[in-house]
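What follows is a single structure, written as structure tokens, with notes after it.
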Amino acid sequence: MVIYDSAKKTKVPFVPIRENEASIYVCGPTVYDDAHLGHARSALSFDLLVRTLKVLDYKVKLVKNFTDVDDKIINKMNETGQSLADITNHFIERYLYEMDCLGVLRGDIEPKATENIQQMSNMIQNLIDKESAYLTPSGDVYFDTSKDSHYGSISHKVTEDEENQSRINHNSEKQNPKDFAMWKACSKDDSVCFDSPFSRGRPGWHIECSAMIDRYFDGDENYHIDIHAGGVDLLFPHHENEAAQSRCATGKEIAKYWMHNGFVQIAGDKMSKSLGNSFFLKDALKIYDAEVLRFYLISIHYRNDFNFVEEDLLSAKKRLDKLYRLKKRVALGKASIPNKDFKQSLLDAMSDDLNISVALSVIDEMIASTNEELDKNPKNKVLKKETIANIELIGQLLGVGGKEPYSYFQIGIDDEVKSKIEALLSKRDKAKKSKDFETSDSIRDELNAMDIAIMDTADGTIWEKI
RNA sequence: GGAGCUAUCGCCAAGUGGUAAGGCCGCAGCCUGCAAAGCUGCUAUCGCCGGUUCAAAUCCGGCUAGCUCCUCCA
């Protein structure tokens, strides 16, 4: 396995802390709003990583967090009058449901920030004791970036003159503009406060990941975990700051490897809260089939920008359709084992920093060559069994193709429409048998008008929802 | 203002030194009563300029365009 390490800015061989094991932490969402396509893409990117490692026989430990205490959530409380727990539980539930729809494997642990206040507080106190952090008169605690000689080693964003060039005006009680809050003291009217040795307040954003990783992973003397993952936007400052905290608190690097997924764009623009062009997953799932959406979102390499275009989604669907049509052809029978060359090529592709484009081309070629062989010899049972195994492997690795193939082509068709289709087909069949092609063709036109495609096969006529 | 990424066929997109994978669309053929599905064949010299090299889409420099980060963000 080779992965692109965004801290080293190059592809590197993946050599885990412990042989044949992989410890992975993925930065999850701040749960104050519905998840959008960007959240889906991030989750899906690292879902492919986890699936690939599992197929390669790594024992994977995956932790994905929820940031459930944050200024944005508090703003939402003030807007809606709901409690923190009401808001966060609602969005966590929605998030998990939507990710389940997309076939994203659950984390082994999915901790919330609020379940780790004690751990955060301990780590902050530790950093204060080591003079890597300082408490201000108002009760805030800042990390002192000048105490970390490796600050900037992850994102490479910190330059000598950045503090002067940044567009942001730094005020506050920071000793250094690069310093960041680990703990924010609450004011009197704040409703979300936790006790700590330094002040009543709430944790900053970065500290939760450091604390959770310390809590949930063992690591070794050099690193806490193998892979730390998230969206590119988190590279700086979030991951830089996490790394600094963990480094100074524990003397270990937080992660051996860093992976960051690219952004989803809508019409060429970044999708963001501030632009108000978010495409929420709940809306996307109303329009598109979840599996098709998954297939589309994973079909572009995770580090590239992803420009969401409906036309492209539809062409992705056509590509997935071909897999299911092949599945129809081989549906009867048990799986044997995947074709050796196919499996090797597929794993080689995914092992190269999740090269999905090559993986998909390997699959397309498998589909074409299998169809060709089945055209010549429709009863090739050995091939059929092998193909079933091939498709199962695709399912494990990419999380697509697992549905029963006929039902895949009937999504969105209710029983009423279904019986109407079947009645029309039976009528057409009679007309065809009596060579009344005018009638049979007009029935076909009628079905086409209903977005139903039909195909006559040796075993009778089958239909698909287009 | 600073830092970085990207630029390959109509569209999506692989490919980090040796003469351009794959998918969608299109065209032709096979199959079909006709279709559909499936199969076969056909369609690019890689943003622009210059350099290095026997050889570059691939390395270097410049330019142009788009995007991202430096602020909450996946």
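The figures that follow rest on heavy atoms only: side chains count, while hydrogens, waters and symmetry mates do not. Throughout, a chain's letter reflects where its sequence line sits, starting with A, and its residues are numbered from 1.
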Spacing between A:I363 atom CD1 and B:G22 atom C1', to the nearest angstrom: 11 Å
Check whether any side-chain heavy atom of A:D33 sits under 4.5 Å from a side-chain heavy atom of A:F280, and report yes or no. yes
What nucleic acid atoms does A:L326 come within less than 4.0 Å of, heavy atoms only: base, sugar-phosphate, or nothing? nothing
Atom C1', compared across B:U53 and B:U19: separation rounded to whole Å: 15 Å
For the side chain of A:R444 and the base of B:C34, is some donor closer than 3.5 Å to an acceptor across the two? yes
Contact under 4.0 Å: A:K376 side-chain N or O vs B:G38 OP1/OP2: no
In whole Å, measure the gap between the C1' atoms of B:C49 and B:U64 for me. 10 Å
For the pair A:R428 and A:D441, find out whether any cationic side-chain nitrogen is under 4.0 Å from an anionic carboxylate oxygen. no
If each of A:T10 and A:L37 is mapped to the nucleotide of RNA chain B with the nearest heavy atom, which maps nearer the 5' terminus, i.e. the 5' end? A:T10
Write down the distance separating the P atoms in B:G61 and B:C5, rounded off to the nearest Å. 11 Å
P atoms of B:G15 and B:U6, separation to the nearest Å: 12 Å
Distance check needed: B:C31 P versus A:N371 CG, whole Å only. 18 Å
Is any NZ, NE, NH1 or NH2 atom of the basic residue among A:E291 and A:K403 found under 4.0 Å from an Asp or Glu carboxylate oxygen of the other? yes
Under the criterion of centre distance below 5.5 Å and interplanar angle below 30°, is A:F263 classified as stacked on the base of B:A74? no
Give one of base, sugar-phosphate or nothing for A:G38, where a contact means two heavy atoms less than 4.0 Å apart. base
For A:S440, answer base if it contacts any base atom (sugar-phosphate contacts may also be present), sugar-phosphate if it contacts only those atoms, and nothing otherwise; contact means non-hydrogen atoms under 4.0 Å. base
Is there a side-chain polar atom (N or O) of A:R325 under 4.0 Å from OP1 or OP2 of B:G38? yes
Expressed as a whole number of Å, how far does the P atom of B:C67 sit from that of B:A57? 28 Å
So what does A:E365 hit on the nucleic acid, given a heavy-atom distance under 4.0 Å: a base, only sugar-phosphate, or nothing? sugar-phosphate
Any strand: nucleotide that pairs with B:C30 via Watson-Crick or wobble, under 3.5 Å: B:G38
For atom CD of A:E93, is the number of surrounding heavy atoms from other residues, nucleotides or ligands below 6.0 Å larger than 12? no
I need the CZ-P distance between A:R202 and B:C72, as an integer number of Å. 14 Å
I'd like to check A:M120 versus A:E208 (side-chain heavy atoms, cut-off strictly below 4.5 Å). Are they in contact? yes
Quick one: do A:D352 and A:K11 make a salt bridge, cutoff under 4.0 Å? yes
Of the options A:H36, A:K282, A:H39, which is the one that meets A:E98 in a side chain to side chain contact (heavy atoms under 4.5 Å, CB included)? A:K282
Could you tell me whether A:I454 contacts a base, only the sugar-phosphate backbone, or nothing, with contacts defined as non-hydrogen atoms closer than 4.0 Å? base
Could you tell me whether A:A40 contacts a base, only the sugar-phosphate backbone, or nothing, with contacts defined as non-hydrogen atoms closer than 4.0 Å? nothing
Nearest-Å distance once atom C1' is located in both B:G51 and B:U68: 30 Å
Between B:A37 (P) and A:L323 (CG): distance, integer Å: 17 Å
Using a 4.0 Å heavy-atom cut-off across all strands, classify A:H301 as base, sugar-phosphate, or nothing. sugar-phosphate
Phosphate-side-chain proximity, A:N355 and B:A14, N/O vs OP1/OP2 below 4.0 Å: no
Quick one: label A:S315 by what it contacts on the DNA or RNA (base, sugar-phosphate, nothing), any heavy atom closer than 4.0 Å. sugar-phosphate
What is the separation between atom OH on A:Y4 and atom C1' on B:A14, rounded to the nearest whole Å? 18 Å
Counting distance alone, no hydrogens or angles: does the base of B:G33 have a donor or acceptor under 3.5 Å from a partner atom on the side chain of A:D441? yes
Out of B:G38, B:A74, B:G33, which nucleotide sits closest to the side chain of A:R329? B:G38
Looking at A:N304, does any N or O in its side chain come under 4.0 Å of the phosphate oxygens OP1/OP2 on B:A14? yes
Would you say the base of B:C34 and the side-chain of A:D456 have a donor-acceptor pair closer than 3.5 Å? yes
When you measure from the side-chain N and O atoms of A:K318 to the phosphate of B:C25, is any distance below 4.0 Å, counting only OP1 and OP2? yes
Within the 4.0 Å heavy-atom criterion, would you say A:S357 contacts the bases, only the backbone, or no part of the nucleic acid? base
Look at A:D436 together with A:K432 and state whether they make a salt bridge at an N to O cut-off of under 4.0 Å. no
Within the structure shown, what part of the strands sits under 4.0 Å from A:D364 by heavy-atom distance: base, sugar-phosphate, or nothing? sugar-phosphate
Assert: residue with more 5' nearest nucleotide on RNA chain B, out of A:C27 and A:R428, is A:R428
Rounded to the Å, how far apart are A:D233 CG and B:C67 C1'? 14 Å
CG of A:D305 versus P of B:A13: gap in Å, rounded? 9 Å
Rounded to whole Å, how long is the line connecting atom OH of A:Y32 with atom C1' of B:C72? 6 Å
